[in-house]
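Structure first, commentary second.
Just so we're clear, the structure is a prediction, and the values are computed from it rather than from any experiment. Just so it is clear: chains get the letters A, B, ... in the order the sequence lines come, proteins before strands, and each one is counted from 1.
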2 protein chains.
Amino acid sequence: MTLLESAKNGIVTESMRIVAQDENIDHESVCRSIAEGHLIIPQNIHHNFHPVGIGKGLTTKINANIGTSMDHLDINEEMDKLEAAIQAGAHSVMDLSTGGDLRSIRKKILAASTVMTGSVPIYGVASILASEERNITEMTADMLFDEIELQCSEGIDYITVHCGVTMKAVSLAGSDNRICGIVSRGGSLLAAWMHHHNRENPLLEYYDRLLEIVKRYDVTLSLGDGMRPGALADATDRAQVEELVTLGGLAERARIAGVQVMIEGPGHVPLNQIATNVQMEKEICNGAPFYVLGPLTTDCAPGYDHITGAIGGALSAYHGADFLCYVTPAEHLCLPVVEDVRMGVISSLIASHSADVAKGIPGAVERNVEMSRCRKDLNWTGMFDLAIDPLVPRMRKKISDNSEDDVCTMCGKLCAIHTHNDICDEKK
Amino acid sequence: MTLLESAKNGIVTESMRIVAQDENIDHESVCRSIAEGHLIIPQNIHHNFHPVGIGKGLTTKINANIGTSMDHLDINEEMDKLEAAIQAGAHSVMDLSTGGDLRSIRKKILAASTVMTGSVPIYGVASILASEERNITEMTADMLFDEIELQCSEGIDYITVHCGVTMKAVSLAGSDNRICGIVSRGGSLLAAWMHHHNRENPLLEYYDRLLEIVKRYDVTLSLGDGMRPGALADATDRAQVEELVTLGGLAERARIAGVQVMIEGPGHVPLNQIATNVQMEKEICNGAPFYVLGPLTTDCAPGYDHITGAIGGALSAYHGADFLCYVTPAEHLCLPVVEDVRMGVISSLIASHSADVAKGIPGAVERNVEMSRCRKDLNWTGMFDLAIDPLVPRMRKKISDNSEDDVCTMCGKLCAIHTHNDICDEKK
């Protein structure tokens with residue numbers, strides 16, 4: 001039985017209990033939300049790690065993308081990124097490797113990863129073809145499904161499959177109304193294949209075959225957004241919404257088949273369209289967990305897209321997005337380095353935590369209250385311990401000119417907290 | 001005649017024309033908005049620089065705080081921060097120096113600053129007293145007003161005055177309901193003075209005297225928020241709103257006197273209270289420009305408060321805040337260094353630009369469209385030129401493994417833009 005089938009039968013599993021305990025909610029409601037498709041716990045039957053839930057009523061989760069590229073290939077560096085991501089607080093990593101011996105890289109990452117681990121199987125096929133100087137158009141449906149089966153058998157917890165990249169959606173994305181066309185790597189590969197063969201997307205055509213494979217390993221589907229906007233101007237356009245409508249139907253079919261599913265979302269979205277995008281997904285996909293990439297609220301900040309992504313991520317999560325894919329400072333420029341990974345995770349955690357506080361998720365407000373009490377008491381150790389990243393603030397205080405004082409170099413003797421505490425003490 | 005008096009008389013001045021031209025709006029509406037108190041152009045009659053407007057219908061503006069402290073005192077470093085702030089795109093700086101020869105520091109900053117320059121005069125009084133080991137309680141009303149007059153005569157463009165720190169507000173801030181008490185430096189100093197003397201705030205008691213002084217130099221009042229929340233838990237509480245109500249009345253009196261005025265705002269505010277905070281200010285203060293510090297959407301990210309501030313700043317500006325005071329990575333930890341200043345300004349610009357696009361401010365959408373066209377064309381020079389900070393992205397691309405290629409090391413041969421452009425080319 002898959003986790004979803006257990007939930008449908010009202011059977012509370014060990015992983016449901018763990019998630020309920022970690023999130024301070026009761027396990028019956030976790031079980032019910034899974035059965036309804038509003039909550040998922042991605043975990044391959046062959047991957048052993050502490051399970052984490054994504055969805056309704058839970059804290060917002062964070063994913064960090066790692067992996068080699070053809071132009072930058074160093075497996076040790078990727079293992080360092082994996083460690084940095086997990087240490088900084090990522091709840092998930094995706095191995096998006098496209099360079100080198102992908103199978104051995106994935107094996108190493110899966111063995112070392114103590115968090116849920118996802119992938120985009122079409123990258124495997126495309127990378128092998130590209131390394132042989134062959135075009136994606138030479139891919140066959142069997143090659144793609146074999147790769148999916150392989151990765152599922154290896155223990156991957158969730159896979160991104162761009163099943164909604166239909167002939168109609170691709171045609172809409174190619175219209176003059178869209179500035180940036182298709183910016184999803186997987187989406188563009190499928191579109192090229194479909195264009196060449198003049199055939200519908202094999203992931204859509206053989207969707208039942210896909211469901212059969214993933215079900216055997218209890219792998220979660222992450223229905224990819226191949227049509228996600230790559231420009232603010234392209235946000236919420238016909239191509240994007242056409243795909244979302246398709247994904248809504250496919251999510252339904254996955255749930256009926258007993259397969260957990262989440263929906264991937266944009267991308268580049270202006271602030272004033274973020275609430276709409278989340279609401280659309282929740283309505284069209286019957287409350288399936290929403291996994292957003294960013295979104296970025298301006299196109300104009302390359303080098304700082306972790307900040308742009310934190311703005312969009314915070315607002316998305318506040319409006320109901322459940323899972324944030326981090327964006328690093330390297331986005332739009334190059335493959336991230338280890339420090340980019342750390343910055344990306346921390347930025348996403350700031351966004352998710354800001355949303356969780358505003359939504360009143362259990363524990364989130366309390367942590368801020370505790371931090372504020374430490375501020376009032378000028379209890380620096382307490383502040384560092386409660387910080388999203390304790391490392392940098394501890395170091396900055398330590399190297400400052402008055403590191404031994406209970407005040408900081410910003411205000412020194414004129415510390416407002418001190419001044420006000422003195423008044424309060426006098427009143428007592 | 002002050003600028004506000006000119007506007008009330010329907011006289012379009014040179015600075016109104018400049019602002020109208022820079023913002024792509026007509027000068028009559030600039031003049032009208034100034035007369036209504038919805039738009040300000042802070043500029044001391046003794047300070048010569050290219051004027052910039054703040055308020056209704058304009059792009060969101062950014063301020064960078066610089067200045068020495070008693071624990072860290074290096075005037076050359078502050079001059080470097082001034083240069084870094086302006087170069088990164090700050091529209092304003094505030095000299096918040098509290099250490100060293102404040103008058104000579106201010107003189108140097110005012111001479112070198114090519115943007116509007118503000119200050120908090122009570123810091124001057126408090127610093128001099130502190131340097132003589134005397135307490136703020138030894139301040140007299142005359143000392144404070146003399147300092148204000150001095151700074152106005154030197155050419156400061158706007159001053160923060162915490163006139164709304166009333167006995168009632170201070171008492172509310174000291175209640176057990178508030179965790180962090182008073183976190184405003186100026187506010188806490190006044191509260192200490194008031195507590196000691198059991199007297200009302202001199203800035204409130206002699207508000208007409210204040211108006212007379214600033215009017216002579218056409219200095220803009222920035223009505224400070226001494227009661228701003230220093231903890232999410234304290235946001236939108238009675239102390240804060242009590243002060244805002246007072247400030248609304250004082251703003252009215254300033255406008256009647258022909259003095260331009262803006263209102264300072266929080267602080268630490270959860271995401272779900274930001275829209276309310278902006279709307280409250282706009283209603284209570286009759287549309288006076290709103291100058292927010294952050295706001296920070298979580299208390300738990302010391303070391304990264306520029307990111308937290310970008311989240312809160314973007315949402316505030318989207319809902320109508322007009323002026324963002326930057327927050328640097330050093331916030332809550334130490335006096336910022338030059339790189340903190342640069343990061344703070346860039347983060348605030350990302351926030352303000354994200355809001356301007358969403359609000360449809362003239363020019364904002366267009367810049368993003370242009371950037372997106374460059375992305376589609378893989379025109380890297382164009383992308384760098386349009387970036388909020390061109391330096392970092394240019395450098396990152398340059399040092400990457402495939403710096404000469406038109407793609408980046410993230411996707412290389414599998415570049416989605418390339419793949420999709422090929423399909424589009426074939427279709428032609």
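Checking D389(B) against Y304(A) by side-chain atom types alone, a donor-acceptor pair falls below 3.5 Å. When only modelled atom types and interatomic distance are considered, N368(B) and T298(A) share a side-chain donor-acceptor pair under 3.5 Å.
Of the atoms belonging to H268(A), it is side-chain heavy atoms, and not backbone ones, that fall under 4.5 Å from chain B. For N135(A), no part lies near chain B; criterion is any non-hydrogen pair under 4.5 Å. When heavy atoms are compared at a cutoff of 4.5 Å, N402(A) approaches chain B solely by way of its side chain, counted from C-beta outward. Only the backbone of L386(A) comes within contact range of chain B, judged by heavy atoms closer than 4.5 Å. With a threshold of 4.5 angstrom between heavy atoms, M343(A) approaches chain B through side-chain atoms but not through N, CA, C or O.
In this structure, the side chains of C415(A) and R185(B) stay at 4.5 Å or more apart for every pair of heavy atoms. A 4.5 Å side-chain heavy-atom check between C300(B) and H353(A) finds at least one atom pair inside the cut-off. Between M410(A) and P336(B) there is a side-chain heavy-atom pair separated by less than 4.5 Å. You'll find the side chain of C424(A) stays beyond 4.5 Å of the side chain of H195(B), heavy atoms only. Between L232(A) and V357(B) there is a side-chain heavy-atom pair separated by less than 4.5 Å. Side chains of L333(A) and W380(B) form a contact here, defined as non-hydrogen atoms less than 4.5 Å apart.
When each of T308(B), D356(B), T68(B), D422(B) is scored by its heavy-atom pairs under 4.5 Å with chain A, the top score falls to T308(B). Chain A forms more heavy-atom pairs under 4.5 Å with one residue of H196(B), K413(B), K397(B) than with any other, namely K413(B). Chosen from A233(A), G181(A), G312(A), the residue pairing most often with chain B at heavy-atom distances under 4.5 Å is G181(A). With chain A as partner, the option from T297(B), I307(B), I182(B) having the largest number of non-hydrogen pairs under 4.5 angstrom is I182(B). For chain A, the option among I136(B), D340(B), L296(B), L189(B) with the highest count of heavy-atom pairs below 4.5 Å is D340(B). Interface summary for chain B: among S400(A), C374(A), A330(A), the most heavy-atom pairs under 4.5 angstrom belong to A330(A). Comparing A192(A), P270(A), P390(A) by heavy-atom pairs within less than 4.5 Å of chain B, the highest count is held by A192(A). Per-residue counts of heavy-atom pairs under 4.5 Å with chain B were compared for H332(A), R373(A), K427(A); the largest is that of H332(A). Per-residue counts of heavy-atom pairs under 4.5 Å with chain B were compared for K359(A), K376(A), H420(A), R394(A); the largest is that of H420(A). Of all the listed residues (P393(B), A364(B), G303(B)), the one sharing the greatest number of non-hydrogen pairs under 4.5 Å with chain A is P393(B). Of the residues considered (P302(B), G174(B), A231(B), G67(B)), P302(B) shows the highest number of contacts with chain A, using heavy-atom pairs under 4.5 Å.
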Go through it in stages, so that I can follow the logic: the residues are T98(A) and C411(B), the test is side chain to side chain contact (heavy atoms under 4.5 Å, CB included), and I'd like the CA-CA distance, side-chain angles, deciding distance and then a yes or no.
CA-CA 8 Å; T98(A) 56; C411(B) 303; over 6 Å; no
Stepwise side chain to side chain contact (heavy atoms under 4.5 Å, CB included) test for D234(A) and S372(B)
CA-CA 9 Å; D234(A) 296 345; S372(B) 302; over 6 Å; no
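The shortest non-hydrogen separation linking I311(A) to S354(B) is CD1-OG, 4.2 Å. Shown here for T409(A) and S69(B), the closest heavy-atom pair between the two residues is O-OG, 2.5 Å. Across A301(A) and I388(B), no two heavy atoms sit closer than the pair CB-CD1, 4.4 Å.
Side-chain N or O atoms of R375(B) include one that pairs as donor or acceptor with a backbone N or O of D299(A) at under 3.5 Å.
R367(A) is linked by a salt bridge (Lys or Arg N to Asp or Glu O under 4.0 Å) to nothing, counting only residues two or more places apart in sequence or in another chain.
Annotation: the span from C408(A) atom SG to D71(B) atom CG amounts to 8.5 Å, rounded to 0.5 Å. Between atom CG of residue D401(A) and atom CE of residue M70(B) there is a gap of 14.0 Å, rounded to the nearest 0.5 Å. From L414(B), atom CG reaches atom OH of Y123(A) across 8.5 Å, with rounding to the nearest 0.5 Å.
The 12-atom threshold is exceeded at CD of E132(A), counting heavy atoms of other residues, nucleotides or ligands nearer than 6.0 Å.
Salt-bridge check for R396(A) with E331(B): failed, with every basic side-chain N at 4.0 Å or more from each acidic carboxylate O.
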